[in-house]
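To keep things clear, I will list the structure first and then write my remarks on it.
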Amino acid sequence: MLEAKRTISEKLARVVRQELGVDLPPEEIVLSAPRKEAFGDLATNIALSLSNKLRLSPKEIAEKIRQGLEKYTDLQDIVKNVEVAGAGFVNFRLNEAWVERKAGEFYDQERLGVPEPAKPLTVVIDFSSPNVAKPMHVGHIRSTIIGDALGRIYRFLGHKVITDNHLGDWGTQFGMLIVGYKRFLDKEALAKDPLGELEHIYQKVYNLAQQDEAVAEEARQEHAKLQSGHEQNLALWKEFMQWSKMEFDKIYQRLGVKFDHTLGESFYNPMLGDVVKELKEKGIARESEGAICIFFDEPELADAPFIIQRRDGAWLYSATDLATIKYRMEKFKPDLILYVVDIRQRLHFQQLFTAVRRWGYEVRLEHIGFGTILGEDRTPLKTREGGLVRLEDLLDEAEKRALSIVNEQNPDLSEAERQDIARAVGLGAVKYCDLSGARQSDYIFSFNRMMRLDGNTAPYLQYAYARIQSIFRKGEINIAKLRRGNGKFLLQEESERDLAKCLLRFPEAVLSAASEFAPHLVSAYLYELSTRYSRFYETCPVLTSSSGPSMDGLKESRLMLCDYVARVLKLGLNLLGIESIERM
RNA sequence: GCGCCGGUAGCUCAGUUGGAUAGAGCAUCGGACUUCUAAUCCGAGGGUCGGGGGUUCGAAUCCCUCCCGGCGUACCA
């Protein structure tokens, strides 16, 4: 479809110049699939937008364009007919033979039509970033899932992706933790649930420090000791780190998320002094009310300074973020750095990015902000007791619910198989619901909704895939042979043509998801593909294609369509970090 | 106070960056299984796109204003 668009745009640009004397670069010509099928496969509104300038009615312009296009006989290969419709739209209908040929071409490719980038980028993706010594909770799920999906998408496209888990493993909270460890630690509880216990003692000290200044001071001192390399405190810190990493790894493994680096805040700690010094020397940062700050002239940032060092000398995470950029620029030389972080930190990143530009680094920086997960009451999701929902518990619950559905639907499968399915469906549902809405919006978390078997959910897509595999099993189809064979696509029924055209749009879906950092464009596409497949499935028998002279060819074509859909679904789901399953 | 998001069908959400009669799913109602998985499909009803003003051939989309909700805003991350 990309190719068709490019060809048509080029011809349109030429016609517009020759017939109307207007220079309009092909990239600026909007050519998109109209909402209604009746308006063709592609449409452009250039006649409407040119009418003012040319002082001609849109319909006249559209008609001139249509006639001008007639000259280009090579266009007839792609386009069956061109129509002027409505207020002055020019609608194009694709040639079926072209669709059949193009589908065959993409079907033969590993990448299913997705082009290689002209210039591969080096992209650093900073995501997940949980705080050490606390269990991972729902607050981390979005960053982890969205970051992972973006990494998969960029990597698949052919860019060099470096994923980095920027752990919150340094800072004032460790003062509190050390105090708590010394005073309140319950060894049994620690053995059972290390992070739960650490969070527990942290909470205890935190609450105490609110009321008792002496405790707050003690925590500050323990933190200061840790900063200056106090042996015992450092050992404790390392212990916290070990437990945390073990627990995190369990969850990452379960989610299928991998990182190239896990460079936490502590890694940058030794560099902070020099960074702050450099910023002061360059006149970017200065002292104010005892703190070291960066001030901005930009009107939208003029209100608040960016504080990088506290009055008491402690560095803040703003300093760490600056040091991190310096390190990444020197080590990875990226073209693009993505921060997959809660949208509420928007101001912080505006300040950070503005500071970095003044510092002189040239790199595209993007805050990939996401909305909050809300409970049914529309406030941030909490447990019944009002605490944070642990990620582990949430995933357990999802799998449990999926298992009870599988048990009901498919009692004759083996226990192991049902559990496998439940795992894929449960995790898939959770991930998909995070990736199917616009990233920036909040969403209301509901197991019932995400687990729904129809509608825009992971199970629906997984089901479409499983149905295809079922056809292959039943027909004892040798897929490798099917792919090697010289079958051709024969698109007879409307549902087949719609399906094929939809398949050709896969590359655009992936490319736009990447350029807009919007994984939901992939999921929206996959959902549309699945609905079209279901329609095809209802109307077109595959294994028992009706008799006739072209019977063999038709059956092969339909098998290839099934295989093509399955490959797009599997790849697309994989880009979202979701498993496809053979049976469900 | 200032700033940033958001308000679209009863509910949950899309809306191709200003285009055609605003779309899905759920829910409701009515159909389709001796058939490759009915975990599916087909059809129907349902809308002052928060209100008002403006910009223009054309606005859910851009501008102004007001109402409502959320969030952020000098030493947490």
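Reckoned from all heavy atoms, side chains included, excluding hydrogens, waters and symmetry mates. Note on naming: letters A, B, ... go to the chains in the order of the sequence lines (proteins, then strands), and numbering restarts at 1 for each one.
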Test the A:Lys134-A:Tyr202 pair against the cation-pi criterion, namely NZ or CZ under 6.0 angstrom from the six-membered ring centroid and within 45° of the ring axis.
-> yes

Any chance CD of A:Glu494 has more than 12 other-residue heavy atoms, nucleotides or ligands included, within less than 6.0 Å?
-> no

Taking N and O atoms by type only, does the side chain of A:Thr172 place a donor or acceptor under 3.5 Å from a partner on the base of B:A77?
-> no

Counting only non-hydrogen atoms, which of residues 46-66 of chain A are less than 4.0 Å from RNA chain B?
-> A:Leu48, A:Ser49, A:Asn52

Pick base, sugar-phosphate or nothing for A:Ala524, based on heavy-atom distances below 4.0 Å to the nucleic acid.
-> nothing

Value rounded to 0.5 Å, distance of CZ in A:Phe248 from NE2 in A:His140 | 7.0 Å

Go through the N and O atoms of the side chain of A:Asp454 and the base of B:A38, and report whether any donor-acceptor pair is under 3.5 Å.
-> no

d(A:Asp434 CG, A:Tyr443 OH) to nearest 0.5 Å is 3.5 Å

Is there a donor on the side chain of A:Tyr317 or the base of B:A77 sitting less than 3.5 Å from an acceptor on the other?
-> yes

Scanning all shown strands, the Watson-Crick or wobble mate of B:G3 with both distances under 3.5 Å is B:C71

With rounding to the nearest 0.5 Å, note down the distance linking CZ in A:Arg497 to CZ in A:Phe536.
-> 13.0 Å

Is there ring stacking between A:Phe89 and B:G19, where the centres must be under 5.5 angstrom apart and the planes under 30 degrees?
-> no

